[in-house]
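Inspection log for the structure reproduced underneath, given as structure tokens.
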Amino acid sequence: MAGTLYKHLNHCITPCGKRLLRRWICHPLKDIDAINERLDIVEGFIQNCGLGSVTLEHLRKVPDLERLLGRVKSTVGLSSAVLLTIVGDKILKRRVSWLF
């Protein structure tokens, strides 16, 4: 992907982040309120220099939950809403317990 917008903007550290960035580039926001909300979040990271490094540290430890749920869904054949209930107690608490 040399020379693409994605290549130049992609500094993501997680597979979920990379997929999200690709979606944002392919489907940009059109709603002014949503755009301003996203800009406020970016401004918060810029104003709080230490917040970015702490966030990166924690993001590196988060498993790829989106892909994990997709695998479970394809195996079990249940809807995402049902999966979250089933998988939530067993996997999410175990895998991201360090957040709490």
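From a predicted model like this one, the values you see are computed outputs, not experimental measurements. Note that these values count all heavy atoms, side chains included, but never hydrogens, waters or copies made by symmetry.
In this structure, N48 contributes its side chain and G50 its backbone to no donor-acceptor pair below 3.5 Å.
Here R60 pairs with nothing under the salt bridge (Lys or Arg N to Asp or Glu O under 4.0 Å) rule; sequence neighbours left out. Residues passing the side-chain contact (heavy atoms from CB on, under 4.5 Å) test with C16, sequence neighbours excluded: T14, R19, D64, E66. I25 meets the side-chain contact (heavy atoms from CB on, under 4.5 Å) test with L5, Y6, L9, L21; sequence neighbours excluded.
For the residue pair L51 and T55, the shortest heavy atom distance occurs at O-OG1, 2.7 Å. Contact between C12 and G17 at its shortest, heavy atoms only, is SG-O, 3.4 Å. Of all non-hydrogen atoms in K61 and E57, the two that sit nearest each other are CG-O, 3.8 Å. Counting all heavy atoms, side chain and backbone alike, C49 lies closest to I46 at SG-O, 4.0 Å.
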For residues 30-43, tabulate all N or O donor-acceptor pairs below 3.5 Å that involve a side-chain atom, not counting sequence neighbours.
| from | atom 1 | to | atom 2 | distance (Å) |
| --- | --- | --- | --- | --- |
| D31 | OD2 | A34 | N | 3.0 |
| N36 | ND2 | I32 | O | 3.3 |
| E43 | OE2 | Q47 | NE2 | 3.0 |

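In the hydrophobic clustering, where aliphatic and aromatic side chains (Ile, Leu, Val, Met, Phe, Trp, Tyr) are joined below 4.5 Å either directly or transitively, V54 stands alone.
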